[in-house]
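Input: a single structure, listed below in structure tokens.
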Amino acid sequence: MNPIPAQPATSADRYAVAGNPVAHSRSPAIHARFAAQTGQAVAYDRLLCPLDAFADTVRAFAASGAKGANITVPFKFEAFALATRRTPRAELAEAANTLRFDADGWLADNTDGVGLVRDITVNAGVALAGQRVLLLGAGGASAGVLGPLIEARPAEIVMANRTVAKAEAIVARHADWAAQHGVRLAARGLDDAGAAFDVFINGTAASLAGSGVPVSAAVLRPGTLAVDMMYGPAARPFLDWVRAHGGEPRDGLGMLVEQAAESFFLWRGVRPDTAPVLAALRAEVDAPPGH
Ligand code: ATR
């Protein structure tokens, strides 16, 4: 099971989550569990990057011998731009959540989309193939997952956004990819998003908490799986809305663990078992304050 034997902590390969803020990131806890489970000698930390010094901070980290980093808000675009090589799914996203510091330069990947797809199809057990999918939002979060969603071959994906032009630009950039996979891909406004989708993915910002879900409940049918990419309090208004309208709510915790597992695989060549890690994280997140 463990192709690479555990080594003393002193020789652990170093990784970090780079962002601003990073204090509340759950990635160190997730990767510590992956490392323990797989016997990999990995040390994973937080790397707070000043807003105007992302490149310098990550360069110094890499120069110190570190092997890679996860990248979070607001640096995913900058990380993509800094890399010397990019995976096809990072190219589609035009953003990177994972860097691997190779001897010949930095490899940029984006594991968010495959993480979301795996959470939906494996953890939630809901098929995407042949289904109708609504993706709400056209910011970095939604753009980051569209390529892998297309690869899962749903019948149709509608990207609905307040600013339609942003959705149109992202859809245009994915048009060939969608055609290759036999997926109907459309950009729409919030008022004509459509009705009765099988799967609804919320990729809009947490700022929605104040203004409510900006599409009609007609987008749901009874039992529609509705996934928020957020988790914890940020996801609550969306999940409550889904429940109130007969959908099946799901937060972004599974996606978080799955994207981490894919990053771990890129770095280490070993795929961790995500189920126990997701269960442990779920217990922590759902625990009442003070526990
Ligand atoms: P991220 O990188 O996290 O996706 P972003 O690029 O700021 O963040 O994108 C936020 C998304 O939430 C956008 O799709 C935004 O819509 P616009 O493109 O029209 O700005 C959407 N969003 C944020 N607040 C919204 C609101 N009150 N109503 C509707 N959509 C909202």
Side-chain angles (χ1 to χ4, degrees), residues 17-22 24-27 49 51 54 70-82 89-99 108-117 119 133-149 157-174 185-194 197 200-220 226-242 245 251-253 255-256 259-260:
V17 53
N20 188 338
V22 282
H24 298 291
S25 171
R26 303 225 171 224
S27 292
C49 303
L51 290 175
F54 170 75
N70 281 129
I71 313 299
T72 187
V73 231
F75 300 122
K76 291 184 181 184
F77 306 103
E78 214 175 326
F80 173 80
L82 284 171
R89 60 195 180 194
E91 293 278 7
L92 276 172
E94 295 184 350
N97 78 334
T98 309
L99 291 174
D109 194 6
N110 195 315
T111 66
D112 285 331
V114 74
L116 175 67
V117 166
D119 185 56
V133 177
L134 175 62
L135 178 57
L136 182 63
S142 293
V145 300
L146 186 54
L149 273 178
I157 301 175
V158 171
M159 177 177 257
N161 197 43
R162 179 175 61 182
T163 312
V164 187
K166 276 169 70 179
E168 284 170 346
I170 294 167
V171 161
R173 160 171 126 218
H174 287 76
L185 182 61
R188 300 215 191 119
L190 299 177
D191 291 340
D192 62 346
F197 287 91
F200 176 15
I201 297 156
N202 181 24
T204 56
S207 54
L208 289 189
S211 51
V213 180
V215 286
S216 154
V219 301
L220 302 176
V227 186
D228 199 316
M229 292 199 215
M230 308 270 183
Y231 61 89
R236 214 157 284 148
F238 178 79
L239 301 180
D240 288 346
W241 177 90
V242 171
H245 294 98
D251 72 4
L253 215 53
M255 173 183 173
L256 178 74
Q259 63 79 27

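In each ligand, atom 1 is the first atom listed, and ligand 1 is the first ligand listed. Heavy-atom basis, side chains included; hydrogens, waters and symmetry copies ignored.
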Hey, does M230 have a side-chain heavy atom less than 4.5 Å from the side chain of F238?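 They are not in contact (no side-chain heavy atoms under 4.5 Å apart), so the answer is no.
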Is there side-chain contact between P214 and R162, with heavy atoms separated by less than 4.5 Å?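 Result no, sub-4.5 Å side-chain heavy-atom pair not found.
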Report yes if some N/O of [X] lies less than 3.5 Å from some N/O of ligand 1; otherwise report no.
X: S142; result: no
X: N161; result: yes
X: P214; result: no
X: G137; result: no

Numbering as shown, the atoms of ligand 1 that approach [X] to under 4.0 Å (heavy-atom distance):
X: A138; answer: 14 (O)
X: A141; answer: 1 (P), 2 (O), 4 (O)
X: G140; answer: 1 (P), 2 (O), 4 (O), 6 (O)
X: K166; answer: 17 (P), 18 (O), 20 (O)

Under a 3.5 Å distance rule, please check whether R89 uses its side chain to pair with a backbone N or O of G144 as donor and acceptor.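 Absent.
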Give a yes or no on this: more than 12 heavy atoms of other residues, nucleotides or ligands lie within 6.0 Å of atom CG of D192.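 Result for CG/D192: enclosed.
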Look at the rings of W241 and F200 and say which category their plane angle falls in: under 30° parallel, 30 to 60° tilted, over 60° perpendicular.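 Correct class here is perpendicular.
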Only one of N97, D112, N110 passes side-chain hydrogen bond (donor to acceptor under 3.5 Å, both in side chains) with K76; say which it is.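 Between K76 and the candidates, side-chain hydrogen bond (donor to acceptor under 3.5 Å, both in side chains) is satisfied uniquely by D112.
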